[in-house]
Amino acid sequence: MRLSVYFLPTLKETPSEASIVSHRLMLRSGMIRQSSAGIYSWLPLGLRVLKKIERIVREEQDRAGAQEVLMPTIQPADLWRESGRYDAYGPEMLRIKDRHDRDMLYGPTNEELITEILRGSVKSYKDLPKNLYHIQWKFRDEVRPRFGIMRGREFLMKDAYSFDLDYEGAKRSYNKMFVAYLRTFERMGLKAIPMKADSGPIGGDLSHEFVILADTGESEVACHKDFLDNDWLKDVDIDGGLQPTVDAFTEKYAATDGERDAAKEKELGGDLVTARGIEVGHIFYFGTKYSEAMNCRVMGPDGGEAALEMGSYGIGVSRLVGAVIEAFHDDDGIIWPESVAPFKVGLINLKVGDAECDKSCENIYAMLQDHGVEVLYDDREERAGAKFADMDLIGLPWQLVVGPRGLKQGVVEVKFSDHKANTRAKEELPLEAALKRIMV
RNA sequence: CGGAGCGUGGCGCAGUCUGGUAGCGCACUACACUGGGGGUGUAGGGGUCGUAGGUUCAAAUCCUAUCGCUCCGACCA
């Protein structure tokens, strides 16, 4: 993509409405634009990141055996009356009426809808298990939206729903999602820690929030220090027995704000870590709560009818964009992990109009594209400083800087922004060597 | 929903107390100089001062209402 034609409205100054760093950087780097409180438009750069995150989530869901569907944003109120949640949900739910004066709502979640789909078409235990997910916009009319995209009213969420015949099956489904979540976040460069969460009226221990640690996180969390540098995800057989893996994660102490246990923390002593956290996912077993209420049953092997055992599994897809930025940035801008970066390489032509520079950049640009490398080529007639500042702001992993001075000496500058080390390192290399480094 | 604050050109702000017909920086346009970390100069363009009503000879400024947005708290992916 040529920057001269790309819609990338970067801001030198920070808009006054943004207080936290991810919100500031998303506005400044031209990723999003606010429409109204907690509701945003996604501009080209931001949308690219959103799509990358969405793709990772999708791939890991598919890998774990979940199947993608797409349910509507607008749902009929009657469905929610069946489960009793139409009245229970409160003003967070956006209620609307259609032209026939029918009660509708903009879905804040989809348990009712998915249960209705299943009850009409799943009749036998032989049809189980099933896990269906979709990635869809949700709306929750938060009293006080804040933190930009991290806590908007409209947000993109992956929600999966598992259906099993019995508790053992439900637990297997739960474990699959548990491991899939660890993988999903890891691929985004994030260290997500599964923390014991409120399991509601159902009880039990099958409810975990996945929290990433970031200094600017929204709440205080605590966990065993082993979580910070574990490697337990290796060699997991997702179709085989996941219980040992899940046990390895869940036997160590980790708790969100409301679930913390002072006695256990005291016991841990120096092994205890407290930090700020951002919740990016939540998995939850809730048994037959909806299947009973909505009459979603199958015939079991014993000839008796049973309500399905269900669980739901959410990932805040749009929130993750902000969470990644909270985790990876410096004073100059964002530092994207390559897996979610909007482009892999930023190519800077320091002197547009200079025959050598232009030729060299055009060659590099074409070559990278031929190799399937996503490259953003700054071919604008801007000052060098402006180009550097913009590139650092949008935070691509690799920058390739081509200028007349370097070309005379047969070198270009490679700048690697390392999200793990939180550094941006520059190095002058011959072009061939530079390309080699970038393309490995 | 309780508490606080803010709406003035695309962005950041001053002007409001003490009423006199709108200003600064950045960005934008043109030209020149410049050219490896947001450069300099000259000349320009752009604003019903959130909206509605009121007071007044005169309102960004005073009064009333209303809408929007932000921050702190309680609540949530």
Side-chain angles (χ1 to χ4, degrees), chain A residues 9-20 23-24 27-28 30 33-39 53 57 89-93 107-110 135-160 181 185 192 197-198 207-212 218-219 256-258 277-284 312-323 331-333 348-354 357 378 380-393 399 401-409 411-413 415 424 426 428:
Chain A
T10 59
L11 268 33
K12 202 193 285 190
E13 288 171 284
T14 302
S16 59
E17 77 249 28
S19 64
I20 66 160
H23 192 194
R24 277 205 301 270
L27 290 169
R28 284 194 55 211
R33 187 65 62 85
Q34 180 162 328
S35 168
S36 58
I39 301 178
I53 289 177
V57 170
Y89 216 90
E92 269 199 345
M93 183 153 78
T109 177
N110 285 63
I135 299 174
Q136 177 64 292
W137 292 93
K138 305 285 190 295
F139 195 93
R140 291 181 195 170
D141 201 356
E142 299 281 348
V143 201
R144 193 189 156 208
R146 60 183 125 174
F147 305 146
I149 221 70
M150 297 252 290
R151 184 150 166 216
R153 293 192 289 173
E154 188 182 51
F155 55 96
L156 188 62
M157 178 174 165
K158 185 284 299 182
D159 41 327
Y181 272 40
F185 300 126
D198 181 19
S207 173
H208 287 89
E209 287 182 9
F210 287 75
V211 173
I212 68 154
E218 57 198 333
S219 66
T256 57
D257 218 2
I278 301 169
E279 186 188 348
V280 290
H282 194 170
I283 60 177
F284 198 87
S312 74
Y313 315 89
I315 290 182
V317 175
S318 49
R319 163 178 280 200
L320 271 166
V321 179
D331 289 344
D332 292 327
I348 297 181
N349 183 342
L350 278 183
K351 193 162 185 178
V352 172
D354 178 276
C357 281
D378 192 346
R380 298 172 304 169
E381 297 206 28
E382 284 288 342
R383 319 252 337 160
K387 296 190 173 196
F388 290 136
D390 272 343
M391 266 314 169
D392 285 346
L393 179 62
Q399 289 178 29
V401 183
V402 177
R405 206 154 81 195
L407 283 182
K408 277 201 189 77
Q409 296 156 20
V411 295
V412 295
E413 183 183 288
K415 185 172 183 180
R424 302 179 193 255
K426 293 187 280 195
E428 293 211 324

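Below, read A as the first sequence line, B as the second, and so on, with proteins coming before strands; counting in each chain starts at 1.
Under the Watson-Crick and G-U wobble criteria, each requiring two contacts below 3.5 Å, nucleotide G12(B) is paired to C24(B). Figure legend. C31(B) is base-paired to G41(B); pairs are counted as Watson-Crick or G-U wobble with both atom distances under 3.5 Å. Base-pair partner of C6(B): G68(B) (Watson-Crick or G-U wobble, both distances under 3.5 Å). Using N1 to N3 plus N6-O4 or O6-N4 for Watson-Crick, or N1-O2 and O6-N3 for G-U wobble, each under 3.5 Å, C75(B) pairs with nothing. Remark: U18(B) base-pairs with no nucleotide in the shown strands. Criterion, Watson-Crick or G-U wobble with two distances under 3.5 Å. Remark: U56(B) base-pairs with no nucleotide in the shown strands. Criterion, Watson-Crick or G-U wobble with two distances under 3.5 Å. Of all nucleotides present, none satisfies the Watson-Crick or G-U wobble test against G46(B) with each distance under 3.5 Å.
Among the atoms of the strands shown, base atoms are found under 4.0 Å from some heavy atom of Pro404(A). Residue contacts for Lys158(A): at a heavy-atom cut-off of 4.0 Å it reaches no nucleic acid atom on any strand shown. Using a 4.0 Å heavy-atom cutoff across all strands shown, Asp390(A) reaches at least one base atom of the nucleic acid. As judged by a 4.0 angstrom heavy-atom cut-off over every strand, Leu11(A) is placed among residues making no nucleic acid contact. At the heavy-atom level, Thr14(A) lies under 4.0 Å from the strands shown only through sugar-phosphate atoms. Looking at heavy-atom distances under 4.0 Å, Ala386(A) makes contact with a base.
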Open item on the list: Does Glu92(A) form a side chain to side chain contact (heavy atoms under 4.5 Å, CB included) with Glu142(A)? I'd like the steps, not just the answer.
Closed with: CA-CA 6 Å; Glu92(A) 269 199 345; Glu142(A) 299 281 348; 3.7 Å; yes
TODO: Check step by step if side-chain hydrogen bond (donor to acceptor under 3.5 Å, both in side chains) holds for Ser219(A) and Asp257(A).
DONE: CA-CA 7 Å; Ser219(A) 66; Asp257(A) 218 2; 5.4 Å; no
TODO: List the steps, then state whether side-chain hydrogen bond (donor to acceptor under 3.5 Å, both in side chains) holds for His282(A) with Ser207(A).
DONE: CA-CA 7 Å; His282(A) 194 170; Ser207(A) 173; 3.1 Å; yes
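Using a 4.5 Å heavy-atom threshold, the side chains of Ile315(A) and Phe210(A) count as separate. Residues Lys138(A) and Asp159(A) have side chains in contact (heavy-atom distance under 4.5 Å, counting atoms from C-beta outward). Residues Arg153(A) and Ser36(A) form a side-chain contact, since some pair of their non-hydrogen atoms from C-beta on lies under 4.5 Å apart. Phe388(A) places none of its side-chain heavy atoms less than 4.5 Å from the side chain of Asp332(A). Using a 4.5 Å cut-off on side-chain heavy atoms (C-beta onward), Glu154(A) and Ser35(A) make no contact. Counting heavy atoms from C-beta on, the side chains of Asp378(A) and Arg380(A) come closer than 4.5 Å.
For C76(B) and G39(B), the P atoms lie 48 Å apart once the distance is rounded to whole Å. Annotation: A27(B) and G36(B) have their C1' atoms spaced 23 Å apart (nearest Å). Rounded to a whole angstrom, the distance from the C1' atom of C69(B) to that of A59(B) is 24 Å. Comparing C33(B) with G46(B), their P atoms sit 28 Å apart, to the nearest whole Å. Comparing the C1' positions of U18(B) and A58(B) gives an interatomic distance of 16 Å, to the nearest angstrom. Across the P atoms, U16(B) and U61(B) are found 12 Å apart, a figure rounded to whole Å. Spacing between A22(B) and U56(B) at atom P, rounded to whole Å, works out to 24 Å. Nucleotides C62(B) and C17(B), compared at atom P, are 5 Å apart to the nearest Å.
Remark: P of G10(B) and CZ of Arg28(A) are 20 Å apart, rounded to the nearest angstrom. Spacing between atom CD of Glu381(A) and atom P of U34(B) amounts to 16 Å, rounded to whole angstrom units. Rounded to whole Å, the distance from CD1 on Ile348(A) to C1' on G35(B) is 15 Å.
Side-chain atoms of Glu13(A) and base atoms of G25(B) include a donor and an acceptor less than 3.5 Å apart. Counting distance only, with no hydrogens placed and no angle test, the side-chain atoms of Arg383(A) and the base atoms of G35(B) include no donor-acceptor pair under 3.5 Å. Applying the 3.5 Å distance criterion, the base of G37(B) shares a donor-acceptor pair with the side chain of Lys415(A).
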Protein N or O to nucleotides 70-77 of chain B N or O, pairs below 3.5 Å:
unit_1, atom_1, unit_2, atom_2, d
U70(B), OP1, Gln34(A), NE2, 3.2
U70(B), O3', Glu17(A), O, 3.2
C71(B), OP1, Ser19(A), OG, 3.4
C72(B), OP2, Arg144(A), NH2, 2.4
G73(B), N7, Arg144(A), NH1, 3.4
A74(B), N6, Arg146(A), NH2, 2.9
C75(B), O2, Arg151(A), NH2, 2.7
C75(B), N3, Arg151(A), NH1, 3.2
C75(B), N3, Arg151(A), NH2, 2.7
C75(B), N4, Arg146(A), NH2, 3.0
C75(B), N4, Arg151(A), NH1, 3.3
A77(B), OP2, Glu279(A), OE1, 3.4
A77(B), O3', Glu279(A), OE1, 3.1
A77(B), O3', Glu279(A), OE2, 2.2
A77(B), O2', Glu279(A), O, 3.4
A77(B), N6, Gly152(A), O, 2.5

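Annotation: of the two residues near RNA chain B, Lys351(A) and Lys387(A), the 5′-most nearest-nucleotide partner is Lys351(A).
Considering only side-chain N and O atoms, Lys12(A) lies under 4.0 angstrom from the phosphate OP1 or OP2 of A27(B).
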